[in-house]
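Shown next, in structure tokens, is the structure this report addresses.
Both backbone and side-chain heavy atoms feed into the values below; hydrogens, waters and symmetry mates do not. Nothing here was measured: the structure is a model prediction, and the numbers come from that model.
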Amino acid sequence: MRPLEVILFAGIILLWLAVLFIRRLSKKVGWVIVGICFIALVVQWLVEGYRWQLVPAYFSLLLLAAAVALQRSGTPHQGNWRRKAGKFLLLAVSGIGILVSAALAVLLPVFRLPEPDGIYAVGTESFMFVDPQRMETYTEDPDDHRTLMVTIWYPAERAATGKRAMLLPQSGAEGMEKHFLSTYSEAMGLPDFALDYWKYLRGNSYEKAEIASSGTAPYPIILLSHGLGTTRMLHTSQAENLASQGYVVAAIDHTYSTTATVFPDGEVTGFQAKMDGDDFLKSGKELGETWAADVDFVIECLERFNQGENPGRFKGMLDVSKIGVMGHSFGGATAYHLAATRDKIKAGINMDGTNYDVFDEKHILTKPFLFMESGAFKNFIQGSGLDGEGAEPERMREIINNEKSIIGSAQQNNGHFIYIEGSEHYNFTDLPLYSPLVSLTGMTGTLEANRGAGIVNDYVLDFFDTYLKGKKSALLAENVDIYPEVKRDLEFTPTE
């Protein structure tokens, strides 16, 4: 809970105890405590902001105020059972309300992302990039060019001050916030108001802070792609951690492949991308080409930034000869595709994404590449049911064998593979940090949220430090005692 929320809860609990245990509670004392609680409520509301999780606590305060009104000063009246029953009912209902509200506030918190542990503070800025060479295929407007929202995180001077940047995408349009959040609530099958507290979430970076001009500049570049139907917002902690360690990270919202993307004028686009699950390799390749072209265009924009294009803070600060890519799920598959097909890309990471590229022995990827997989990947790649009764459909056999060929070949050519026990697909995003309830959905595993985020961040950093900065790896060569969850014990021989 936030600090003022804790104070408010403490005041309400004190009032509840006073009404319950102090038999000769003076009404004057009772009203003083009630007044203090209401002042705490107003201050909390004005400073930290209202959120629906606290509504039961607000209601409990009103009930306790009513209990004080029913309280008689001096010796209690022994015969008035109605008054006693009313007081007991108010105490019972208000007590339940306090407990429910506290549980909701803890389980659906206004949380803080893990603080980056690099030597730099982190600056951030979001941009809208319009590609003049590509038309938007998801709209019928013949003049609509492919438009992307991109957030850049970068090393900043330690003197960076001001408010930390909001996690929620910002625009100047009224009602944007509500529209964006209701879109995500609907996608999750939740009521419209369920996620409105996300508007209070902040990262650890500072909006438009001065880029660190000393130290290791110019900085290597990392392009980051989200999973199909999610958002760049879910990779903020990964981007901040890399930026604090001396990287410039550009996270892309692949328009119409997110649940919602917000543009500066307040327009909110939804999810329109189409995937054919019965022909994943073909439909994935088609959509992947669009995503890869998005990354190509963003690289061009960053190159122009490095040459001095507005904003001037990036001039000469980007090392365009050292570009890495990483992504989650479909974004991870796109990272592999880019590493395999683009000379500008020097290294890449696929976080739990099934590859849509069809393995070709004539075109072997020899660049450094890391496959980071979830614990569930072990069962998937071993193809439970492929042999004997209950055989998987032929298309699944094809996908699994393709995966084995790609990862097996990469391991023999500067590539690496790990999987993390206790993790599931969304442990490679910030989602586990949003609420402990997420693990109940099966989207994340049993791995504790901060532990999982730390493992992912450490391996991502170690990989890029090794292959973009030339440092000696501390994690990639073998199993590490501090991370017993990380395993490498799988074979990648295609099944006949």
Exercise. Taking atom OG1 of T216 and atom NZ of K469, what is their separation to the nearest 0.5 Å?
Worked result: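 Rounded to the nearest 0.5 Å, the OG1-NZ separation comes to 4.5 Å.
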For this session: Could you go through the side chain to side chain contact (heavy atoms under 4.5 Å, CB included) check for V295 and H254 one step at a time?
Result: CA-CA 9 Å; V295 176; H254 294 280; 4.2 Å; yes
For this session: Quickly, which of N355, I406, I407, V325 forms a side-chain contact (heavy atoms from CB on, under 4.5 Å) with N350? Name it, please.
Result: N355
For this session: State which residue, out of L433, L167, L168, L113, fulfils the side-chain contact (heavy atoms from CB on, under 4.5 Å) condition with L201.
Result: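 The passing option is L167.
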Exercise. Does M128 CE have over 12 foreign heavy atoms under 6.0 Å away?
Worked result: no
Exercise. Any chance NE2 of H145 has more than 12 other-residue heavy atoms, nucleotides or ligands included, within less than 6.0 Å?
Worked result: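 Buried by this count: over 12 neighbours within 6.0 Å.
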Problem set entry | Chi angles and distances behind the side chain to side chain contact (heavy atoms under 4.5 Å, CB included) call for L190, L195 | CA-CA 8 Å; L190 300 172; L195 303 180; 4.1 Å; yes
For this session: Show the numbers, then the answer: is there a salt bridge (charged side-chain N to carboxylate O under 4.0 Å, His left out) between E303 and K344?
Result: CA-CA 11 Å; E303 289 172 336; K344 289 182 180 180; 3.1 Å; yes
Problem set entry | Check: Y459 ring centre within less than 6.0 Å of F463 ring centre |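 Ring centres of F463 and Y459 not closer than 6.0 Å.
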Exercise. For the rings on F371 and F377, is their centre-to-centre separation under 6.0 Å?
Worked result: no
For this session: Write down the atom of D352, the atom of S374, and the distance for their closest heavy-atom approach.
Result: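 Shortest heavy-atom separation between D352 and S374 comes out as OD1-N, 3.0 Å.
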For this session: Start with the C-alpha distance between W291 and S225, add both sets of side-chain angles, then the distance that settles side-chain hydrogen bond (donor to acceptor under 3.5 Å, both in side chains), and finish with yes or no.
Result: CA-CA 9 Å; W291 284 37; S225 290; over 6 Å; no
For this session: Dump the intermediate steps for side chain to side chain contact (heavy atoms under 4.5 Å, CB included) on Y138 and T255, then the final yes or no.
Result: CA-CA 9 Å; Y138 289 102; T255 315; over 6 Å; no
For this session: Show the numbers, then the answer: is there a side-chain hydrogen bond (donor to acceptor under 3.5 Å, both in side chains) between D462 and S473?
Result: CA-CA 6 Å; D462 186 78; S473 173; 2.6 Å; yes
For this session: Using the salt bridge (charged side-chain N to carboxylate O under 4.0 Å, His left out) rule, take R134 and D294 through it: C-alpha gap first, then chi angles, then the decisive distance, then the call.
Result: CA-CA 10 Å; R134 286 194 297 157; D294 290 345; 2.6 Å; yes
Exercise. Does a side chain donor of either T139 or D144 reach within less than 3.5 Å of an acceptor in the other side chain?
Worked result: yes
